[in-house]
Amino acid sequence: MQDTVLTMRGIYKSFPGVRALQNVDFTLCEGEIHALMGENGAGKSTLIKVLTGVYSKNAGEICIKGINKPHIKSPQEAQKLGISTVYQEITLCPNLTVAENLFIGRTNNLFVNWKKRNSRAECILQGLGIPAKPAQQLSSCSIAVQQMVAIARAVDMDCKVLILDEPTSSLDDQEVAKLFALMRELKSRGVGIVFVTHFLEQVYEVCDKITVLRNGELVGEYQIKDLPRVELVAKMMGKELGDLAEIHNKTQSNTNDSKEVIIETEGLSSTSGIKPFDFTAYKGEVTGFAGLLGSGRSECVRAIFGADKVTNGTLRIKGEHVNITTPIKAMKKGIGYLSEDRKRDGIIGDLSVRENIILALQVMRGFFKPFTKAQAQAFADEYISLLGIKTASADTPISSLSGGNQQKVILARWLLTHPNYLILDEPTRGIDIGTKVEIQKLVLKLASEGMSITFISSEIEEMLRTCSRLIVMRDLYVVGELKDEDMTQDKIMYTIAGGETQNVQKQ
Amino acid sequence: GGNSAGSEDSEASAEPSAITVGVVQTNANESDWRTANTKSFNEAFSAAGYETKMVFGEGDHAKQISQAQQLIQEEVDYLVVLGLQSAGWEDVAKSAQEAGIPFIMADRKLDLSEDLYTAMVCSDFEAEGKKAVDWLKAQAIDDCKIVVLGGDTGSSAQLGRSKAIEDGASANGWDIVFNQNMKGWDETLAKQAVADLIASGKEFNVVYAENDNMARGACDAMDAAGITYGKDGDVTVIAFDANKWALEKVLAGEFNLDVECNPLHGPRIVKLINSLEAGETVEKNAYVDEEMFDCDTITQAIVDARTY
Amino acid sequence: MSRNNNNLNSNRSALVLKELIRHRLFIPIAFLAFLLLINVFINPGFLGVSLGRDSSGNPVLIGNLINILNNAAELVILAIGMTLVTASSRGQDISVGATVAIAGGVIMRVLCGNETQPTELHAPIIVALLLGCLAGMACGAFNGILVSKFNIQPMVATLILFTAGRSIGSMAMGGLKPKAAAEFGYYGNFIPGFPIPTPILITIVVVAVTFLALKITNLSLYTRAVGINDKSSSLNGLNPALIKFLTFVILGLCVGIAGFVQASRVQTVNPYTIVPGIEMDVILAVALGGNSLSGGKFNMTGSIIGAYTIQTLTSMLTTLNVNTNAVPVFKAVIIIMLVVIQSPIVKSFLGNKFTVLKSTVGDGKERG
Amino acid sequence: MSILHNVQDTGRIEVIQNKLKRENSLTDTAFLLTITISLFIAIYALSIVFLGDKGFSKIQMFFNLFNENAALIVIACGLSIVMITGSIDISVGGSTALICTACIVCLNNYGFNFFTSLMLALAIGLTFGVVQGFLVAYLEIQPFIVTLAGMFLGRGLVALIEVNQIQVKNAGFEMLSGARILIPFLGDINKKGVFIQSKLEYGVIVAIIIVCLMYWLLRKTSLGRSFYAVGGNPQSALMLGINVKRTKFYAHLLCGLLAGIGGFLYLFHTRSGSVQQATGLEMDAIAASIIGGTLLTGGVGNIFGTLFGVLASGTVLLIVTAIGSQDPWWPQITRAAMLCFFIVLQSFICSRKK
Ligand SMILES: Nc1ncnc2c1ncn2[C@@H]1O[C@H](COP(=O)(O)OP(=O)(O)OP(=O)(O)O)[C@@H](O)[C@H]1O
Ligand SMILES: Nc1ncnc2c1ncn2[C@@H]1O[C@H](COP(=O)(O)OP(=O)(O)OP(=O)(O)O)[C@@H](O)[C@H]1O
Ligand SMILES: [Mg+2]
Ligand SMILES: [Mg+2]
């Protein structure tokens with residue numbers, strides 16, 4: 001019924017020590033939205049990068065719209081062949097303006113007409129409802145806007161194949177809805193879309209077909225209607241999915257735990273602009289911060305950790321008043337913080353997995369007390385097996401791990417410090433469903449062992465499952481606190497939309 | 001006519017203001033010679049009641065040119081130039097001429113046609129070198145193997161002195177075993193070079209160092225290797241500049257010969273300016289008189305008489 | 001059975017060879033060896049070391065190899081500091097030559113006061129050394145503050161002292177050019193009665209202390225972490241600014257020691273010409289040792305080998321009587337050769353060739 | 001793109017629009033440019049007020065600023081371009097020295113004329129650019145090391161060609177380089193009462209044309225914009241479909257070409273050549289670019305900024321010379337202090353903006 005626009009046959013790709021792709025086939029038809037699914041490190045991004053010429057494949061054939069074995073050596077050539085791509089990590093130039101990011105590298109024109117370019121950009125931005133000015137420098141936009149700009153760029157191109165590698169990871173629901181509307185529109189015009197995401201609902205909302213990869217190998221291609229969720233997850237993981245309900249039950253039991261206060265803030269505010277907030281975390285409890293994108297969730301926890309300069313307010317740990325000015329002080333007081341932007345604030349790219357794991361503990365131990373290699377290796381081995389980190393060895397640089405595995409390494413780093421209070425800011429972003437569940441289980445297990453945890457996620461269900469109390473935020477204010485039976489999706493939405501600020505409540 | 005009248009007027013009105021002399025010096029303390037040279041300008045000019053405006057090129061030829069242009073804009077009364085390079089001064093000389101500022105070259109002669117400069121107070125480096133060559137010839141050392149330690153490449157002192165020894169060697173059948181220019185007229189590199197030379201087993205019996213400091217560096221290296229030099233030693237040491245400490249070494253028999261290169265330009269220029277002010281004509285191309293000091297003939301009195 | 005074993009052995013040796021060639025230090029070491037070999041070829045006595053006596057009758061070692069080891073002292077010491085600075089701050093300090101002039105100037109002033117030909121030292125040598133190091137560290141601290149606190153790129157920040165350093169050195173000496181008493185010369189030459197040049201001993205001590213420090217402290221981990229990603233580092237409790245600052249101060253200390261050795265060599269300092277152009281040689285040493293100049297990971301041994309390579313080259317060209325001004329041509333050619341074979345692209349290209357070769361050889365064996 | 005209009009959502013826009021208010025619409029490049037220009041104007045004005053009697057009140061002094069720096073302007077333009085691309089070129093001093101010596105030797109001994117020597121200069125510059133560009137872009141060797149080798153090569157070759165200082169002895173060339181543009185109605189009266197008309201060298205015109213040309217290139221051509229993109233983030237630039245290697249190659253090529261032109265202007269101005277010619281020119285050019293608001297990290301910079309950077313650092317030099325000093329060390333220290341002031345101020349303002 002439909003013409004195929006893209007076929008990939010027998011693709012092989014290996015990196016030093018890793019076989020990223022083995023004999024993978026992939027077919028995309030005109031006017032179809034095709035989900036590419038798999039766990040972290042399954043090879044999705046690699047397959048895409050092979051297709052767009054970022055990596056050169058070791059073997060295999062690519063055929064685009066009848067052109068057999070097109071010569072794709074660089075993203076530029078891929079663009080010329082009508083493949084436009086939004087990569088997993090935002091790949092725009094922060095020093096250029098929004099308009100330029102939309103158009104650069106796309107035309108063969110030797111000259112730039114700024115006026116035309118800016119007015120075209122204005123038009124596109126408005127059309128997509130992206131709150132940015134064409135002449136604004138990209139680095140002054142928020143991550144979400146940057147992601148939208150990347151999408152706008154890809155969509156604006158007259159393409160036959162559109163590839164979206166986790167475009168929704170930092171978008172909120174409305175933006176996702178906008179994106180989906182756009183995708184449907186393009187689909188109706190016959191564009192073939194490859195869509196990578198870890199949100200199963202999104203897959204079932206827009207996609208027609210699913211191709212599943214596991215460990216660099218093809219599991220199969222399925223029509224969406226033939227593959228119920230549970231089965232999809234099973235295919236991705238190669239085993240049956242653990243019961244989610246089980247997690248929730250545990251949560252409920254958690255709330256009855258002893259109420260020893262671990263962290264208590266009073267009117268804390270920081271240079272990032274967060275408004276003074278009060279917050280208490282108890283031993284063995286999982287708290288969450290909920291709110292829209294940019295509502296200041298990260299800023300709250302960063303202030304507690306001392307990552308931003310605290311301007312006002314007090315912080316008590318176990319009742320003792322402490323003055324935390326730097327992260328190291330927080331760490332010494334038993335606080336751990338897994339930061340939100342993994343690539344920028346989390347991993348240390350060229351260092352090995354081992355060094356990344358021991359880093360925080362090492363820093364706490366002090367400058368003059370390095371671990372011996374054997375000690376470090378023992379720590380690394382322990383956590384690699386505990387969290388099931390997929391890596392060639394502990395000596396592999398962390399940058400060559402897949403996103404999800406990098407996240408696990410960072411998690412290992414903080415678990416190793418055995419904190420009393422652990423902050424996890426979006427630990428599940430860009431992570432496959434299996435790992436997500438594992439992490440959530442881990443969080444609950446740690447909490448049951450007495451650790452106090454703050455868990456921030458953009459997925460409300462996830463928070464509902466794991467947290468026993470939610471702090472709701474809007475526009476840098478804490479606007480409410482929900483627990484027990486109040487913790488429903490509706491209630492949260494309502495609070496975000498209309499709740500009063502903490503300060504107002506007090507008066 | 002009008003011009004001279006104008007100048008008289010302004011001189012009359014600005015009677016108390018002293019004569020300013022702009023000096024474009026090369027580098028600050030490149031060697032003991034240069035230090036003495038700078039000092040000589042400063043002392044002589046202040047003694048004569050001139051105002052001195054000295055600028056340093058810091059090894060940058062282009063910078064010197066622009067500094068000279070600036071001094072012309074500033075309207076100094078005399079411009080004294082000690083060029084790092086002899087080439088490329090035409091524009092400056094022309095601007096000076098146009099502004100009516102006498103242009104005096106010192107230290108090394110610049111490549112300028114005679115109508116562009118007023119006078120010069122320069123050393124004849126090739127003649128200095130020739131003196132040393134003649135002296136060496138007179139020593140009648142058999143089988144001369146010479147190590148030439150040259151100064152900063154391309155400076156006229158290096159060029160003149162190197163040329164003299166190269167010509168001398170080819171004329172007299174001497175063997176130059178090593179001929180290198182040491183950056184910056186400095187002990188360290190000279191010492192390193194001679195030490196390397198000794199280590200690689202090259203034989204030599206004359207060291208021709210183009211300034212005192214490099215001669216001292218060479219002697220250090222020979223000391224370290226137990227090679228004797230100087231009056232009764234195996235190696236004859238020839239140095240240039242004749243600073244006071246170097247003359248002491250000549251007197252002690254450590255250097256065999258030191259050829260003078262007179263840095264005391266200050267008094268000469270004062271004399272020149274005075275005669276120009278008096279409206280006398282001056283001789284354009286006069287070289288500075290220079291002597292040489294032999295370890296056999298030098299006396300304590302000569303050393304004591306030296307002020308720098 | 002035995003044949004099988006043989007096969008295994010040959011495979012293993014091939015593997016070891018391959019490992020060796022892949023090793024980061026292979027090219028720097030191979031190249032140094034190659035240069036030494038050329039030298040031996042030109043002058044068979046090159047590697048010879050003989051025991052001579054200096055003019056006061058003390059035993060001294062004489063030989064080209066000794067000279068290279070001796071003259072490389074400053075370069076090696078500075079390369080150590082520069083490696084750390086490069087790793088932590090992702091840039092280079094181009095002011096080292098100028099700051100050596102400052103340290104040297106301070107040392108001379110301390111030792112000679114305002115005299116030009118002092119017959120005795122005005123202060124104990126240890127005081128001079130300490131003050132020299134202090135001066136070096138002060139310069140390092142200045143650069144360090146600009147880089148870490150003001151976030152100025154290292155090359156730009158150090159451009160300031162690069163411009164002013166030699167003049168400051170001259171100012172420190174009061175415009176004089178004194179020559180210190182002979183006993184100061186022990187540290188740049190020989191200690192009477194001990195035949196090994198003192199700079200070699202100083203280098204050994206500095207290198208040993210460096211490796212010890214890298215072993216017993218977290219300097220290496222911290223510098224690399226900060227160099228690779230300072231944002232993450234700070235969220236892991238490190239203070240990136242402090243660590244960058246620290247590496248600059250360490251380089252300053254190296255500068256102080258280098259200035260001391262250099263001043264002691266001829267017991268005088270000409271601030272305008274002391275160690276001319278050494279900043280470029282030091283940076284080159286770091287690069288030739290297989291280090292990336294854009295920071296992050298580092299390899300100390302590589303830098304040290306790089307420093308000796310450069311000194312060997314310079315020394316070789318002087319003894320060959322190559323015009324000093326033409327020496328850079330040879331240096332340039334050799335640098336290009338070396339960096340081209342070390343470039344990842346060329347390496348992987350050659351590596352592919354190599355594996356193809358190996359696999360065909362291996363196939364042959366299996367069949368045989 | 002009709003579909004883009006279909007998807008409208010206004011509610012969300014308002015929420016985030018107040019975020020935008022905090023953000024400065026000026027790009028980093030434009031912002032740094034403004035600083036540089038105002039700084040230059042400020043220090044020149046101050047010098048006129050306080051050092052007027054040292055020649056700053058003269059118009060010719062201002063023109064000399066251009067006359068003396070024409071070559072540096074062109075060379076600094078080249079450096080700005082490679083720096084914007086995130087690379088560096090420290091070979092320009094070496095290639096300038098080589099160009100001077102090679103051209104003079106050819107002019108004096110091989111019957112070259114103005115035009116052929118210009119071609120030679122361009123060829124030398126281009127060769128440097130092409131070879132270095134190839135090594136940096138296609139073999140991915142660190143630019144600092146490649147161009148360090150270039151610097152060594154340039155200086156060394158000068159010594160191989162001619163160790164001595166030499167001067168142009170070619171009537172045609174000398175006549176052309178001696179020519180000046182007399183500016184009508186402008187001039188100064190010196191203290192002897194003589195009116196001296198202001199003069200501008202022809203090299204300045206070339207430099208200004210090149211500045212405009214390069215400004216246009218960087219701003220209005222896609223090549224120019226890819227320089228910025230590659231400098232901002234090479235990985236992203238690649239993904240955006242820019243040929244990163246070729247762009248880097250062109251940047252070095254252009255820098256080489258401009259070094260060729262700059263070297264020729266240098267020769268045109270000094271008419272001499274030597275091994276020591278133009279030592280430290282690369283550092284002057286880098287300093288000027290930086291003062292002009294080009295970041296060494298790449299992606300930010302403006303050619304007019306570079307022009308004003310050269311003028312500002314030239315003015316600093318003038319001020320230092322004008323103040324003068326008995327002690328030889330003060331000028332350099334003062335100069336460094338002013339450089340320090342510039343750099344720190346720039347970084348301070350930048351961090352305040354963030
Ligand atoms: N540049 C690289 N160098 C080495 N190994 C790499 C590189 N890029 C990816 N890999 C490896 O290839 C495998 C596949 O990675 P890829 O990024 O394609 O996974 P993914 O399916 O996109 O995962 P995620 O959902 O976490 O993004 C991983 O094991 C990863 O470690
Ligand atoms: N109303 C506002 N006014 C000004 N700035 C805001 C406002 N809301 C958010 N910001 C800024 O936007 C940026 C994004 O906020 P932040 O990262 O805290 O969001 P978040 O709630 O953690 O969301 P996410 O983690 O999903 O991105 C921050 O720099 C914050 O200061
Ligand atoms: Mg991926
Ligand atoms: Mg956040």
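Here is how names work: the chains are called A, B, and so on, in the same order as the sequence lines, proteins then strands, and each is numbered from 1. Everything quoted here is computed from the prediction, not taken from an experiment.
Every pair tested for salt bridge (charged side-chain N to carboxylate O under 4.0 Å, His left out) that includes a residue from residues 312-325 of chain C fails, sequence neighbours excluded, so the list is empty.
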For this session: Using the side chain to side chain contact (heavy atoms under 4.5 Å, CB included) rule, take C/N325 and D/R155 through it: C-alpha gap first, then chi angles, then the decisive distance, then the call.
Result: CA-CA 7 Å; C/N325 294 291; D/R155 292 234 169 263; over 6 Å; no
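Counting heavy atoms from C-beta outward, C/V329 and D/F152 have side chains that stay 4.5 Å or more apart. Side chains of D/W329 and C/R166 form no contact here, defined as non-hydrogen atoms less than 4.5 Å apart.
Contacts with chain C (heavy atom to heavy atom, under 4.5 Å) involve these residues of residues 76-97 of chain D, listed by number: D/I88, D/I90.
The nearest pair of heavy atoms linking C/A332 to D/A149 is CB-O, 3.2 Å. Closest heavy-atom contact between C/I168 and D/I333: CG1-CD1, 3.7 Å.
The parts of C/L284 that come within reach of chain D are both its backbone and its side chain, each placing non-hydrogen atoms under 4.5 angstrom from that chain. For C/F330, no part lies near chain D; criterion is any non-hydrogen pair under 4.5 Å. At a 4.5 Å heavy-atom cutoff, D/V158 makes no contact with chain C through either its backbone or its side chain. Proximity to chain C (any heavy atom under 4.5 Å) is restricted, for D/I290, to the side chain, taken from C-beta onward.
Considering only heavy-atom pairs separated by less than 4.5 Å from chain C, the leading option among D/A159, D/A337, D/G154 is D/A159. Taking C/N151, C/V340, C/V327 one by one and counting their heavy-atom pairs under 4.5 Å with chain D, the maximum is reached by C/V340. In terms of heavy-atom pairs under 4.5 angstrom with chain C, the leader among D/I145, D/L160, D/V275, D/T334 is D/I145. Between chain D and the options C/I336, C/L288, C/I152, heavy-atom pairs under 4.5 Å are most frequent for C/I152. Interface summary for chain D: among C/I94, C/V346, C/L293, the most heavy-atom pairs under 4.5 angstrom belong to C/L293.
Rounded to the nearest 0.5 Å, atoms CD1 (D/I141) and CD1 (C/I335) are 11.5 Å apart. Taking SG of D/C340 as the start and CG of C/L146 as the end, the distance is 5.5 Å to the nearest 0.5 Å. Separation of atoms CZ (D/F144) and OG (C/S294) is listed at 12.5 Å; rounding is to 0.5 Å. Within the model, atoms CG of D/L139 and CD1 of C/I341 stand 12.5 Å from one another, a figure rounded to the nearest 0.5 Å. Taken to the nearest 0.5 Å, the CZ atom of C/R90 stands 13.0 Å off from the CG atom of D/L296.
In this structure D/L339 satisfies the side-chain contact (heavy atoms from CB on, under 4.5 Å) test together with C/L159, C/I160, C/T163, D/A287, D/I291, D/I343, sequence neighbours excluded. Under the salt bridge (Lys or Arg N to Asp or Glu O under 4.0 Å) criterion, C/K231 pairs with no residue, sequence neighbours left out.
Within 6.0 Å of the NZ atom in C/K244, the count of heavy atoms belonging to other residues, nucleotides or ligands exceeds 12.
The main-chain N or O of D/E140 is never found under 3.5 Å from a side-chain atom of C/S343 such that the two would form a donor-acceptor pair.
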